[in-house]
Every structure is written in C-alpha cells, then in structure tokens.
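Input: a single structure, listed below in structure tokens.
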Amino acid sequence: MHAPPDHHRAPEFRAESAPSGPDVVLSVAELYKRYGEIAAVDRISFQVRRREVVGLLGPNGAGKTTTINMILGVLSPTTGRIHIAGIDLQRHRAAALAQANFSAVYAALPGNLTVEQNLRFFGLVYSVAGLGERVETLLENFDLLRLRNTKCGLLSSGEQTRVALAKAVLNRPRLLLLDEPTASLDPSAAQTIRTRIRELAVDGDCGILWTSHNMYEVEAVCDRVLFLSRGKILLEGDPRRLPAQHGAATLEELFIRLAREPLGDPVQGVP
Ligand code: ATP
C-alpha cells in the first residue's frame with residue numbers, strides 16, 4: 001500500500017482555504033466508493049484535528065481500508081472530497097500527500113534492507129531535509145540504535161512496528177494513518193507502541209486516524225471513534241462515554257451490537 005514516491009515530492013504548498021479551520025488536518029466530505037452494486041464506502045463525512053487520535057472502527061468489510069486507501073490516494077473515490085491539511089487531494093495530489101504518511105502491517109518494509117537503510121531510503125523518497133540528522137533522531141526516539149545495522153526481515157514484530165512508525169513520521173506528517181499498528185504484538189510491546197503513538201500526536205503535532213479491532217486499546221488511546229458499518233458511519237463519539245450513552249456495559253459490547261444490526265434498523269439506545 002505504499003503510495004508512489006512522486007506523491008511525496010511536493011513543492012512548498014500553501015492551502016488556500018482549509019475546510020473548517022487550521023486545526024483540521026483531515027476533512028472527508030461525502031466520500032463514496034462503489035464496486036458494481038456494492039457501496040464499500042457510502043457518502044461518509046468526518047474530520048480529524050491536530051493532536052487528536054481518531055479510531056476508525058467497524059467489522060470486517062465495513063469499509064475501513066477502502067477509506068484509508070482513498071485518503072492515501074491509492075484508490076480514487078467514486079465521488080466525494082478529501083482535504084489533507086486544507087489541501088484538496090484531487091486537485092493538488094502531490095502537495096496533499098506530502099502532508100500525510102502511514103503505517104500498516106500489510107505494508108512491510110523491505111526485509112533485505114537494514115533499519116538504517118530503510119529509514120534513509122524512505123527519507124529520500126519523501127525528500128526529507130537534513131536526512132542524516134533526522135534518521136539519527138528517529139533511531140534514538142524509537143529505541144532502534146542497537147538495531148540500526150540489522151536487516152528488517154530479521155526483526156521481531158514489535159521491533160518491526162517501531163521501524164514502521166519511525167518511517168511513518170520521517171516527513172513530519174500533519175496526518176498519520178495507522179492501520180492496525182498493534183496487530184500481532186504481545187501486550188507489553190503493544191502498550192509501548194500505544195504510548196508512543198499518543199506522544200506522536202502531541203509532540204509531532206499531528207492528527208492520527210487509527211484502525212483497530214482491539215476495543216481495550218481503542219478506549220486507552222482514542223479521543224474519538226467513528227463506527228463504520230457497511231460503508232456508513234453509524235456512531236461517533238468518545239469511546240469512554242459511548243457505551244453508557246447507548247446502554248452497553250463496554251465498548252466491545254456496543255461494537256458487537258452495532259456490527260450485528262441490519263443497516264437502517266434502530267439500535268437500542270442509538271438515536
Ligand atoms: P477488514 O476489517 O476485514 O480489513 P474493512 O473494513 O477494511 O475490512 P474493506 O476492505 O474496505 O473493509 O472492504 C469494504 C467492502 O468493499 C467489502 O465488502 C469488500 O468486499 C469490498 N471491496 C473492497 N475492495 C474491493 C474491490 N477491489 N472490488 C470489489 N469489492 C471490494
């Protein structure tokens with residue numbers, strides 16, 4: 001799912017009019033993707049602000065990956081608009097994508113390159129200024145100094161996730177997309193990564209869109225969640241408050257109830 005390199009070689013670009021203010025790093029409006037008769041993503045609208053971690057939740061096939069792929073410019077929407085840091089993705093593709101980055105388990109880094117070589121390679125792809133210094137900082141920040149000369153294919157899952165996150169912040173993105181960043185990690189490694197991601201939102205001053213099937217970590221990390229089912233946003237809110245607001249004991253219980261409801265049918269407690 002790596003976006004082609006030229007998307008990140010953007011010249012300096014100033015957003016003319018950021019939809020809904022300078023704090024909005026992602027604005028999705030009436031986004032729609034159709035495959036034949038299936039609406040994989042069905043006219044959804046939402047925003048992500050800087051320093052905010054937003055969880056994109058939903059059962060298998062809900063449309064999460066399709067949504068992320070459209071935001072990354074990998075897929076073209078059937079209709080709808082996407083602005084990244086106020087820049088229209090359709091009209092100014094390279095400039096918009098230069099403001100974003102991503103990490104996903106299914107987009108592994110080349111295993112035959114060392115940790116340092118991978119960071120240098122992607123740093124060149126993203127035209128990172130002062131690359132040598134940036135790589136050293138990230139090796140230190142992500143506890144990778146002792147692994148710098150190790151090939152990525154030999155790393156543990158937790159180590160690979162740390163390298164993938166370091167790669168994802170190389171270009172200091174305003175918007176970070178993380179597709180199941182803690183999948184396959186042990187509880188301790190997952191906690192380390194969750195802490196790091198929260199720090200990234202604040203210290204990196206970016207907005208994060210995060211997908212996960214782990215409701216415990218969603219409650220621990222996300223400021224807000226969007227619940228997607230069959231391409232539509234059914235529910236949105238604070239993951240710590242939503243269960244009580246909708247008569248569920250836990251977020252997981254609410255998730256299961258929403259996932260099983262036929263679309264259009266009222267969910268108990270859900271307006
Ligand atoms: P998961 O949690 O399993 O990763 P998801 O929420 O990411 O699921 P998507 O992969 O976005 O879901 O798929 C949404 C819907 O679109 C599914 O019904 C899927 O079968 C369909 N779909 C996705 N890609 C295509 C395609 N290239 N052609 C036809 N249908 C597709």
Side-chain angles (χ1 to χ4, degrees), residues 1-4 26-48 53-82 84 89-90 97 100-108 157 160-161 164-165 168 175-185 190 193-194 197 208-222 224-237 239 242 250-265 267 270:
M1 205 176 76
H2 290 285
L26 173 66
S27 173
V28 166
E30 291 288 307
L31 193 62
Y32 180 53
K33 181 68 180 179
R34 195 181 63 214
Y35 291 112
E37 295 299 302
I38 294 175
V41 173
D42 199 358
R43 299 180 178 87
I44 62 172
S45 300
F46 64 92
Q47 295 184 336
V48 177
V53 182
V54 176
L56 188 60
L57 314 183
N60 296 134
K64 303 179 297 293
T65 303
T66 305
T67 300
I68 285 185
N69 281 340
M70 286 192 279
I71 297 167
L72 287 169
V74 175
L75 282 176
S76 297
T78 305
T79 57
R81 309 299 290 185
I82 296 168
I84 300 173
L89 178 59
Q90 197 175 22
L97 290 174
N101 209 325
F102 75 99
S103 166
V105 276
Y106 47 83
S157 300
Q160 286 193 19
T161 303
L165 281 178
L175 171 68
L176 194 51
L177 297 133
L178 303 175
D179 204 349
E180 300 192 42
T182 56
S184 83
L185 298 189
I193 293 298
R194 283 197 290 271
I197 289 171
I208 295 177
L209 187 63
W210 162 314
T211 73
S212 172
H213 288 298
N214 178 337
M215 294 304 114
Y216 163 76
E217 80 171 20
V218 165
E219 275 193 62
V221 175
C222 296
R224 190 156 56 88
V225 293
L226 307 166
F227 190 91
L228 207 60
S229 181
R230 279 167 260 189
K232 290 183 186 293
I233 294 176
L234 291 191
L235 206 57
E236 178 177 351
L242 276 176
T250 62
L251 192 63
E252 184 148 300
E253 185 186 308
L254 181 62
F255 180 105
I256 292 169
R257 196 199 300 164
L258 285 165
R260 289 181 180 165
E261 284 297 322
L263 207 61
D265 286 10
V267 177
V270 175

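In listed order, ligands and their atoms are each counted from 1.
The distance criterion of under 3.5 Å between nitrogen or oxygen atoms is not met by Ala40 with respect to ligand 1. For ligand 1, none of its N or O atoms has an N or O atom of Glu180 under 3.5 Å away. Geometrically, ligand 1 and Gly58 share no nitrogen or oxygen pair separated by less than 3.5 Å. Not a single N or O atom of Ile38, backbone or side chain, sits closer than 3.5 Å to an N or O atom of ligand 1.
In this structure, CZ on Phe255 lies 13.0 Å from CG on Leu242, to the nearest 0.5 angstrom. Residue Ile44 holds its CD1 atom at 7.0 Å from CG of Leu56, rounded to the nearest 0.5 Å. Here CG of Leu97 is found 10.0 Å from CG of Leu175. Values are rounded to the nearest 0.5 Å.
For Arg194, the salt bridge (charged side-chain N to carboxylate O under 4.0 Å, His left out) partners two or more places apart in sequence, or in a different chain, are Glu217.
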Stepwise, does the side-chain contact (heavy atoms from CB on, under 4.5 Å) test hold for Leu254 with Leu235? CA-CA 10 Å; Leu254 181 62; Leu235 206 57; 3.8 Å; yes

**Asked** Can you list the steps and then say if His213 with Lys64 is a side-chain contact (heavy atoms from CB on, under 4.5 Å)?
**Response** CA-CA 11 Å; His213 288 298; Lys64 303 179 297 293; 3.7 Å; yes

Check step by step if side-chain contact (heavy atoms from CB on, under 4.5 Å) holds for Leu228 and Phe46. CA-CA 11 Å; Leu228 207 60; Phe46 64 92; over 6 Å; no

Quiz prompt | side-chain contact (heavy atoms from CB on, under 4.5 Å) between Ile82 and Met70, intermediate numbers included | solution = CA-CA 8 Å; Ile82 296 168; Met70 286 192 279; 4.1 Å; yes

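Ligand 1 lies nowhere less than 4.0 angstrom from a heavy atom belonging to Gly36. For His213, the heavy-atom gap to ligand 1 drops under 4.0 angstrom.
The protein heavy-atom contact nearest to atom 8 (O) of ligand 1 is Gly61 N, 2.8 Å. When only non-hydrogen protein atoms are considered, atom 3 (O) of ligand 1 lies nearest to Asn60 ND2, 3.0 Å. The protein heavy atom nearest to atom 10 (O) of ligand 1 is Thr65 CB, 3.9 Å. Ranking the protein heavy atoms by distance from atom 31 (C) of ligand 1 puts Tyr35 CD1, 3.3 Å first. Of the protein's non-hydrogen atoms, Lys64 NZ, 2.8 Å is the one closest to atom 2 (O) of ligand 1.
Ligand-side atoms of ligand 1 in range of Ala62: 5 (P), 6 (O), 12 (O), range being under 4.0 angstrom from any heavy atom. Close approach to Pro59 involves these atoms of ligand 1, each under 4.0 Å from a residue heavy atom: 6 (O). The distance from ligand 1 to the heavy atoms of Thr66 drops below 4.0 Å at these ligand atoms: 9 (P), 11 (O), 13 (O), 14 (C).
A 6.0 Å sphere centred on CD of Glu252 holds no more than 12 heavy atoms belonging to other residues, nucleotides or ligands.
Considering every non-hydrogen atom in both Leu57 and Ser212, the closest pair reads CD2-O, 3.7 Å.
Remark: atom 20 (O) of ligand 1 lies closer than 4.0 Å to no protein heavy atom. Within the 4.0 Å cut-off (strictly below), a protein heavy atom is located near atom 14 (C) of ligand 1.
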